[in-house]
Amino acid sequence: FALGILSLVLIWSAIPALGKQWRLQAGVYADHVLVQSGAYRYIRHPIYASMLALLLATGLRLASLTACLVSLAVFIVGTEIRIHAEERLLAERFGQEFANYKTRVPAYIPFLR
């Protein structure tokens, strides 16, 4: 239950902070800014953190431990691929500002850099 609530809080904080910059396909706009407010103050990818929390909440409640672990592994591999692509674009666009942000804020698992 707590993971489900956490998932909702993260997504409700992340999407408004992104505003018009939210998109399905990785990319940056000409007027793109590096969002560091809302959930982005604590996690660089709060939407992925929200998806992870929802996966765990659902998996632990409805699936076998084996199915939950397999799903978790697939999620982490796919998410890491996506994060590397997105962060490459952000590093190209924002340079040192993004490098500083990246050293201060964990990717999508709190306290894990």
Side-chain angles (χ1 to χ4, degrees):
F1 182 76
L3 286 171
I5 296 298
L6 174 64
S7 177
L8 291 174
V9 168
L10 284 171
I11 200 82
W12 285 338
S13 174
I15 291 178
L18 277 181
K20 69 177 186 148
Q21 296 180 151
W22 188 85
R23 57 192 292 171
L24 291 176
Q25 187 175 12
V28 294
Y29 296 111
D31 61 346
H32 207 96
V33 296
L34 183 60
V35 176
Q36 299 179 54
S37 60
Y40 290 89
R41 189 175 330 167
Y42 309 106
I43 303 172
R44 291 193 315 268
H45 301 279
I47 294 172
Y48 298 139
S50 175
M51 292 167 59
L52 174 61
L54 191 57
L55 172 81
L56 288 172
T58 304
L60 292 172
R61 176 72 177 112
L62 301 175
S64 69
L65 182 58
T66 302
C68 188
L69 291 174
V70 169
S71 297
L72 180 62
V74 170
F75 175 85
I76 289 174
V77 168
T79 300
E80 286 294 319
I81 291 168
R82 175 76 182 210
I83 283 175
H84 286 287
E86 289 179 4
E87 291 194 343
R88 188 172 32 252
L89 292 169
L90 292 171
E92 290 171 5
R93 173 77 163 85
F94 297 106
Q96 191 59 45
E97 181 183 10
F98 179 71
N100 293 340
Y101 176 61
K102 189 175 178 178
T103 60
R104 284 191 335 268
V105 180
Y108 62 102
I109 300 174
F111 314 112
L112 183 63
R113 301 235 182 257

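Following chains of ILVMFWY side-chain contacts shorter than 4.5 Å, one can reach Ile43 starting from Leu8, so the two form part of one hydrophobic cluster. Each of Ile47 and Ile5 belongs to its own hydrophobic cluster when Ile, Leu, Val, Met, Phe, Trp and Tyr are linked at side-chain heavy-atom distances under 4.5 angstrom. Cluster annotation: Val105 and Ile109 are assigned to the same hydrophobic cluster (Ile/Leu/Val/Met/Phe/Trp/Tyr, side-chain heavy-atom contacts under 4.5 Å, transitive). The hydrophobic clustering, which links ILVMFWY residues whose side-chain heavy atoms are closer than 4.5 Å, places Leu10 and Trp12 together. Leu3 and Val9 sit in two unconnected hydrophobic clusters of ILVMFWY residues. Membership requires side-chain heavy atoms under 4.5 Å apart, directly or through other members.
Expressed to the nearest 0.5 Å, how far CG of Leu34 lies from CZ of Phe94 amounts to 5.0 Å. One finds the CZ atom of Phe1 at 12.0 Å from the CG atom of Leu6 (value rounded to the nearest 0.5 Å). Within the model, atoms CZ of Arg88 and NE2 of His84 stand 9.0 Å from one another, a figure rounded to the nearest 0.5 Å.
Counting heavy atoms of neighbouring residues, nucleotides and ligands inside a 6.0 Å radius, atom OH of Tyr42 does not exceed 12 of them.
Looking at Tyr108 and Ile76, their side chains come closer than 4.5 Å, going by heavy atoms from C-beta outward.
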For residues 48-64, please give each side-chain donor-acceptor pair under 3.5 Å, one per line with the distance, not counting sequence neighbours.
unit_1: Tyr48; atom_1: OH; unit_2: Arg82; atom_2: NE; d: 2.9
unit_1: Tyr48; atom_1: OH; unit_2: Glu86; atom_2: OE2; d: 2.5
unit_1: Ser50; atom_1: OG; unit_2: Ser7; atom_2: O; d: 2.7
unit_1: Ser50; atom_1: OG; unit_2: Ser7; atom_2: OG; d: 2.9
unit_1: Thr58; atom_1: OG1; unit_2: Leu54; atom_2: O; d: 2.9
unit_1: Ser64; atom_1: OG; unit_2: Ala67; atom_2: N; d: 3.1

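In terms of the salt bridge (Lys or Arg N to Asp or Glu O under 4.0 Å) criterion, residue partners of Glu87 (sequence neighbours excluded) are, by chain and number, Arg44, Lys102.
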